[in-house]
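The block underneath contains the structure these notes are about, expressed in structure tokens.
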2 protein chains.
Amino acid sequence: MRIGEAASAVGLTSKTIRFYEDRGLLPPAARSANGYREYGPDTISRLEFIRRCQSAGLTLAQIQEILHIRDSGTTPCTRVRDILGQQLIDLDKTIAELTALRASVAEHFRTIDAADPINCDKEQICSYI
Amino acid sequence: MRIGEAASAVGLTSKTIRFYEDRGLLPPAARSANGYREYGPDTISRLEFIRRCQSAGLTLAQIQEILHIRDSGTTPCTRVRDILGQQLIDLDKTIAELTALRASVAEHFRTIDAADPINCDKEQICSYI
DNA sequence: ATTGACCTTCCCGTGCAGGGGAAGGTGCAG
DNA sequence: CTGCACCTTCCCCTGCACGGGAAGGTCAAT
């Protein structure tokens, strides 16, 4: 199958597949006589794996690392476990930061919502932030 | 005061202050005879306002909009209120997404943590993701 | 006179994951 | 023959908020 068909099969664009090849997430594609990239079902499952990883919030660099481990003949499970564990730590940190930020913004919002613009001090641009 | 002094007074770099001027968050600075930028206390409070906005998670584009409203002679309070309200909505959305992602990643993590790498299917790269 | 700490403008690079569009080749239908 | 959809490589652009470093000017102290 050609690149456009492969792309729509997994919900990507041709551009993205070429980009993945360029970044080393896909091996250089086989070419048919006219120079067009030619893909088999193994590439499709590889692309689907990439999508599953992305929906787990992994970066392309992390996905590439996992794929390279698999390509070198080793099961990537241990590394995947480590990456997901770190992902949990990072997510907890980010969520905590955003939650604190939300509380701070909500406090500002309550203040300004109860305020009278007439009291706004020009020197401070806006007195309520 | 010159740019370096202003920068350290508010905890920024000279680069950042020039960048803000370039982006229109600061008016073109007055220059002394040698061409150096010269700042007064009004710029300092403007920079401090920018910092307060940033710690509330506003983008430079939003801050610029608020500053322009103030510069045009109007109190920006109403617009600030709207922006903070939208900020709350966005934060809630992001936090909800990240929380869902965390649950999904945690589920993957539990699965792989309990799995035996021997069962990992090569076709799927990693069976547990 | 020369160092050293400032300052100026200018352009390019960072991270992330692609997207836009040019210029040209291929293959099939009408 | 022409149109159309598809493919190729190539290079630059996006958003976000700056940072790095070059090449050169300025000023006070030594």
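Within every chain, numbering begins at 1; the chains are lettered A, B, ... in the order of the sequence lines, protein sequences first and strands thereafter. The shown structure was predicted, so the numbers you read here are calculated from the model rather than taken from an experiment.
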Taking for A:Leu60 and for B:Glu5 the nucleotide of DNA chain C with the nearest heavy atom, the one nearer the 5' end belongs to B:Glu5
Contact check, residues 22-48 of chain A vs DNA chain D, heavy-atom distance under 4.0 Å, returns A:Arg31, A:Gly35, A:Tyr36, A:Arg37
Angle separating the five-pair end axes of the helix from C:dA1-D:dT30 to C:dG30-D:dC1, nearest 10°, is 40°
Minimal heavy-atom distance between B:Thr13 and B:Ala7, with the atoms involved, is C-CB, 3.6 Å
A:Phe19 atom CZ is separated from D:dT14 atom P, nearest whole Å, by 17 Å
A:Leu12 CG to C:dG18 P, in whole Å, measures 8 Å
**Prompt:** Just to confirm, is there a sub-4.0 Å distance from OP1 or OP2 of C:dC6 to any side-chain nitrogen or oxygen of B:Ser14?
**Reply:** no
In whole angstroms, the gap separating C1' of C:dG18 from CD of A:Gln64 amounts to 15 Å
Notebook entry, point to check: Salt bridge or not for A:Arg110 and A:Glu107, using N-O below 4.0 Å?
Noted result: yes
In short, A:Ala106 meets B:Leu88 closest at the heavy-atom pair N-CD2, 3.7 Å
Atom NZ of A:Lys15 and atom C1' of D:dT8 are separated, to the nearest Å, by 11 Å
- Could you tell me whether A:Glu48 and A:Arg52 have a side-chain N and a carboxylate O separated by less than 4.0 Å? no
From the candidates D:dG20, C:dG18, D:dC18, the one with an atom nearest any side-chain atom of A:Thr16 is C:dG18
Taken to the nearest whole Å, CD1/A:Ile3 to P/C:dG25 is 20 Å
Here the distance between atom C1' of C:dA17 and atom CD of A:Glu21, to the nearest Å, is 17 Å
Do A:Leu60 and A:Phe19 make a side-chain contact, defined as non-hydrogen atoms from C-beta onward lying under 4.5 Å apart? yes
| task | State, with a plain yes or no, whether a side-chain heavy atom of B:Leu47 is found less than 4.5 Å away from one of B:Leu26. | result | yes
Paired with B:Ile3, the side chain to side chain contact (heavy atoms under 4.5 Å, CB included) test is passed by just one of B:Arg37, B:Glu38, B:Lys15, namely B:Arg37
C:dC16 phosphate, OP1 or OP2, under 4.0 Å from A:Gln54 side-chain N/O:
no
Separation of D:dG15 atom P from B:Gln62 atom CD, nearest Å, is 15 Å
Considering only heavy side-chain atoms of A:Arg18, the closest of D:dA17, D:dT8, C:dA17 is D:dT8
ask   = Within the pair B:Tyr20 and D:dC18, is there a side-chain N or O less than 4.0 Å away from OP1 or OP2?
value = yes
B:Arg51 atom CZ is separated from D:dA17 atom P, nearest whole Å, by 13 Å
Problem - Side-chain (A:Thr99) to main-chain (A:Ile95) donor-acceptor, under 3.5 angstrom - result: yes
Only residue of A:Leu25, A:Ile83, A:Asp71 satisfying side chain to side chain contact (heavy atoms under 4.5 Å, CB included) with A:Ile66 is A:Ile83
